[in-house]
Amino acid sequence: MEKKLRVGVLGATGMVGQRFIALLENHPWYEVTALAASPRSAGKTYEEAVGGRWKMTTPMPESVKNMVVMNVNEVEQVASCVDFVFSAVDMTKEEIKAIEEAYAKTETPVVSNNSAHRWTPDVPMVVPEINPEHFKVIEFQKKRLGTTRGFVAVKPNCSIQSYAPVLTAWKEFEPYEVVATTYQAISGAGKTFKDWPEMEGNIIPYIGGEEEKSEQEPLRIWGKIENGVIVKASEPKITCQCVRVPVLNGHTAAVFVKFRKKATKEELIEKLVSFKGLPQELKLPSAPAQFIQYLEEDNRPQVTLDVDFEKGMGISVGRLREDSIYDWKFIGLSHNTVRGAAGGALLCAELLTAQGYISAK
């Protein structure tokens, strides 16, 4: 790419916004040219607006420290400085839907980490290795919005990243019933242990709205475009429990699966480690070379050892074994704020760029 595309981050001061900024530092295709946040942060430098709330383990990039934060609600002004935006705004669902469409209508593509548009019928919700063909629905969305280049695309919930890719790799064996329990890190709530000391040594058996997302979103990813909208798949049936655990980063899932077609352990592992998608074929900047790794040791995957596999963009699987009630069971692990949030959205943007949906204005 001769000249880097100009990118804005909406909701730049929050945890996911910070992760976007960290991931975009020295990106070969993109350059951050606008940071936008709530009116209370607007007018301050980014360093002032964030204050002591920088939550990344790497330091704040020098390139953004003195950038003046813009008011996210001043849509035309922000849109005039960028070729596209990442959205990580903290608002109500209706407000998010409205503001993301407002940016799209300025002919500014929006790649969102938010859940607001995940069930909008003509908005693609994509894991680039699994369902890149859903980006084709963008043409129908543009007709609805009355745009030529503006649209909204989203990535799915962080909770499904540790098992939906695995089930996709095993598609030919026809999984039809799945039980999953996810053990989810506190960064998924935008917190650190400093913010949430009561999580130390604690487990909370409830995360609002998460179980429905974990059961339903994979079906939309596996769905098909029909008459300009995405129609979700009917199988496999998934039931899920979501538990908050005292871990900073990394969502672990314990998963039980029933298949219509018999498979050996060797076949299942081979399907995992050989599973690739368009990001790997195109060698996109953020794509993991190895999307899913299988770990033979009984005590893996572990958050402390494996969460940063492929810079947090890979999935780790272990403990695959036959089950006495279901056919097979396994443990999956994914990085919830990299692959599950900002990194997943960044990979979507890279694929959208490679396919010509995102370009210079």
Side-chain angles (χ1 to χ4, degrees), residues 1-12 16-36 61 64 78-79 81-89 96 99-101 103-104 106-118 123-139 141-142 147 149-158 161 221 277-288 291 310-313 335 337-361:
M1 194 163 293
E2 287 170 34
K3 195 172 175 215
K4 290 189 181 186
L5 294 178
R6 303 167 303 153
V7 61
V9 180
L10 312 181
V16 176
Q18 291 178 23
R19 178 69 73 184
F20 274 122
I21 286 163
L23 291 173
L24 287 163
E25 188 179 17
N26 304 319
H27 192 280
W29 294 3
Y30 306 140
E31 180 184 4
V32 177
T33 55
L35 301 174
V64 297
V78 177
C81 314
V82 298
D83 296 312
F84 77 102
V85 293
F86 289 113
S87 175
V89 290
I96 293 169
I99 200 164
E100 289 181 349
E101 287 200 353
Y103 274 92
T106 67
E107 303 294 0
T108 305
V110 178
V111 182
S112 180
N113 182 68
N114 295 308
S115 64
H117 272 298
R118 285 186 197 149
V123 170
M125 178 174 75
V126 170
V127 175
E129 287 87 351
I130 297 177
N131 62 324
E133 69 281 1
H134 283 195
F135 285 144
K136 289 177 183 156
V137 84
I138 286 170
E139 296 311 322
Q141 186 195 145
K142 285 178 181 172
T147 59
R149 71 188 295 284
F151 62 86
V152 180
V154 300
K155 51 143 286 297
N157 202 46
C158 52
Q161 311 283 340
I221 288 169
L278 263 182
Q280 286 71 36
E281 285 171 35
L282 298 171
K283 294 188 164 51
L284 298 176
S286 300
F291 182 31
E310 289 280 13
K311 298 181 179 169
M313 289 296 286
H335 197 307
T337 67
V338 183
R339 169 58 77 164
L346 178 54
L347 191 59
C348 282
E350 290 170 358
L351 185 52
L352 286 161
T353 303
Q355 293 183 328
Y357 291 98
I358 292 175
S359 57
K361 277 184 179 168

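Positions are given from 1, in the same order as the sequence printed here. Because the structure is predicted, anything quoted here is derived from the model rather than measured.
- Formation of a donor-acceptor pair under 3.5 Å by the Glu31 side chain with backbone atoms of Arg6 is not found in this model.
- Using modelled atom types, one side-chain atom of Asp83 and one backbone atom of Lys361 make a donor-acceptor pair closer than 3.5 Å.
- When every heavy atom of Phe84 is checked against every heavy atom of Ala349, the shortest pair comes out as CE1-CB, 3.9 Å.
- No donor-acceptor pair under 3.5 Å is formed between the side chain of Gln161 and the backbone N or O of His335.
- Qualifying side-chain hydrogen bond (donor to acceptor under 3.5 Å, both in side chains) partners for Glu350, counting only residues two or more places apart in sequence or in other chains: His27, Ser286.
- Using cut-offs of 30° and 60° for the angle between ring planes, the Phe135 and Tyr357 rings count as tilted.
- Checking side-chain atoms of Gln141 against main-chain N and O of Val152 turns up a donor-acceptor pair under 3.5 Å.
- You'll find the side chain of Pro124 reaches within 4.5 Å of the side chain of Ile138, heavy atoms only.
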### Task
With side-chain contact (heavy atoms from CB on, under 4.5 Å) as the test, would you mind laying out the steps for Ser112 and His117 before giving the verdict?
CA-CA 8 Å; Ser112 180; His117 272 298; over 6 Å; no
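- Put simply, the side chain of Thr108 never gets that close to the backbone of Ala104: no donor and acceptor are under 3.5 Å apart.
- Partner of Val9 under the side-chain contact (heavy atoms from CB on, under 4.5 Å) criterion, out of Val16, Thr33, Leu35: Leu35 alone.
- The CG atom of Leu10 lies 9.0 Å from the CG atom of Asn114; values are rounded to the nearest 0.5 Å.
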### Task
Quick one: do Val137 and Phe151 satisfy side-chain contact (heavy atoms from CB on, under 4.5 Å)? Show the steps, please.
CA-CA 10 Å; Val137 84; Phe151 62 86; over 6 Å; no
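- Rounded to the nearest 0.5 angstrom, Leu278 CG and Glu281 CD are separated by 5.0 Å.
- No donor-acceptor pair closer than 3.5 Å links the side chain of Glu25 to the backbone N or O of Ile21.
- Atom CG of Leu346 sits about 12.0 Å away from atom CZ of Arg19, to the nearest 0.5 Å.
- Counting only distance, with no hydrogens or angles, the side chain of Lys155 and the backbone of Val111 share no donor-acceptor pair below 3.5 Å.
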### Task
Could you walk me through whether Val85 and Val7 pass side-chain contact (heavy atoms from CB on, under 4.5 Å), step by step?
CA-CA 5 Å; Val85 293; Val7 61; 5.7 Å; no
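- For the atom pair NZ (Lys4) and OH (Tyr30), the distance works out to 11.5 Å, reported to the nearest 0.5 Å.
- Listed here is the closest heavy atom pair of Leu5 and Ala360: CD2-N, 3.4 Å.
- The residues Glu129 and Arg339 are annotated as salt-bridged, a charged nitrogen and a carboxylate oxygen being separated by less than 4.0 angstrom.
- Rounded to the nearest 0.5 angstrom, Leu351 CG and Gln355 CD are separated by 4.0 Å.
- Separation of atoms CG (Asn131) and CE (Met125) is listed at 7.5 Å; rounding is to 0.5 Å.
- Of all heavy-atom pairs spanning Ile358 and Pro109, the tightest one is CG1-CB, 4.0 Å.
- A salt bridge between Glu139 and Lys142 is present, with a side-chain N of the basic residue lying under 4.0 Å from a carboxylate O of the acidic one.
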### Task
Just do the side-chain contact (heavy atoms from CB on, under 4.5 Å) check on Phe86 and Val110 with the steps written out, would you?
CA-CA 6 Å; Phe86 289 113; Val110 178; over 6 Å; no
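- For Thr106 (side chain) and Tyr103 (main-chain N/O), a donor-acceptor pair under 3.5 Å exists by modelled atom type.
- Across Ala88 and Phe20, no two heavy atoms sit closer than the pair CB-CE1, 4.1 Å.
- Scanning both residues, Cys81 and Ala34, for their nearest heavy atoms gives CB-CB, 4.3 Å.
- What you find for Asn113 and Ala341 is that their closest heavy atoms are OD1-CA, 3.1 Å.
- A 4.5 Å side-chain heavy-atom check between Lys311 and Pro288 finds every atom pair outside the cut-off.
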